[in-house]
Asks: 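For reference, the structure I am asking about is given below.
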Amino acid sequence: MSAGDYEVFAEDELLQSLSVAAYRRIATSLLKKWDPGGPDLRLVDHRDIEIALAHDRAIANRNMDSEAALSPSEEQQ
């Protein structure tokens, strides 16, 4: 899928035991609303989303370390 803003939907099921309640992820979907062909909902692997988010965080952190990432108020100090 192309870069852009997406809504993420996660569907979990409740796993109950005598001592504790837990949840298991059974489906993850991405909704792309801005597609010219109309909304696009796709099933994805939640691990792929985690990898993409980690990649985006790494890029954001790298950019925060550069001079270009400073806001005008920070540059004047």
Side-chain angles (χ1 to χ4, degrees):
M1 293 183 86
S2 57
D5 292 326
Y6 295 86
E7 286 187 54
V8 178
F9 298 96
E11 187 176 345
D12 300 327
E13 80 176 347
L14 178 61
L15 304 172
Q16 289 185 306
S17 71
L18 295 175
S19 61
V20 71
Y23 291 88
R24 178 177 66 151
R25 176 77 28 97
I26 59 174
T28 304
S29 302
L30 288 179
L31 175 62
K32 180 169 83 170
K33 292 183 182 179
W34 46 268
D35 193 328
D40 185 15
L41 181 67
R42 294 191 185 182
L43 286 174
V44 296
D45 188 315
H46 68 91
R47 292 169 292 213
D48 291 338
I49 293 175
E50 292 168 7
I51 291 168
L53 290 172
H55 181 262
D56 288 350
R57 273 190 228 99
I59 290 172
N61 289 339
R62 210 170 335 155
N63 289 341
M64 291 296 290
D65 293 336
S66 74
E67 295 280 329
L70 296 176
S71 68
S73 62
E74 292 172 330
E75 290 174 359
Q76 293 173 358
Q77 293 178 357

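Residue indices begin at 1 and follow the sequence shown. No hydrogens, no waters, no symmetry mates; every other heavy atom, side chains included, goes into these values.
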Asks: Starting at NE2 of H46, measure out to CD1 of I51 and round the result to the nearest 0.5 Å.
Replies: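 Reported value, rounded in 0.5 Å steps: 10.5 Å.
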Asks: How close do L43 and S29 get, counting heavy atoms only, and between which atoms?
Replies: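 Of all heavy-atom pairs spanning L43 and S29, the closest is CD2-OG, 3.3 Å.
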Asks: Under 4.5 Å between any side-chain heavy atoms of I49 and L30, yes or no?
Replies: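 Counting from C-beta outward, I49 and L30 do come under 4.5 Å.
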Asks: Got L31 and D40 here, is their nearest side-chain heavy-atom distance under 4.5 Å?
Replies: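 Side chain of L31 against side chain of D40, heavy atoms only: no contact under 4.5 Å found.
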Asks: Once rounded to the nearest 0.5 Å, what's the spacing between atom CG of L53 and atom CG of D48?
Replies: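 Those atoms lie 11.0 Å apart.
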Asks: In Å, rounded to the nearest 0.5 Å, how long is the span from CD of E50 to CG of D45?
Replies: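 So the gap between those two atoms works out to 8.5 Å.
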Asks: Do Y23 and L14 pass the side chain to side chain contact (heavy atoms under 4.5 Å, CB included) test, and can you show the C-alpha distance, the side-chain angles, and the key distance before you say yes or no?
Replies: CA-CA 5 Å; Y23 291 88; L14 178 61; 3.7 Å; yes
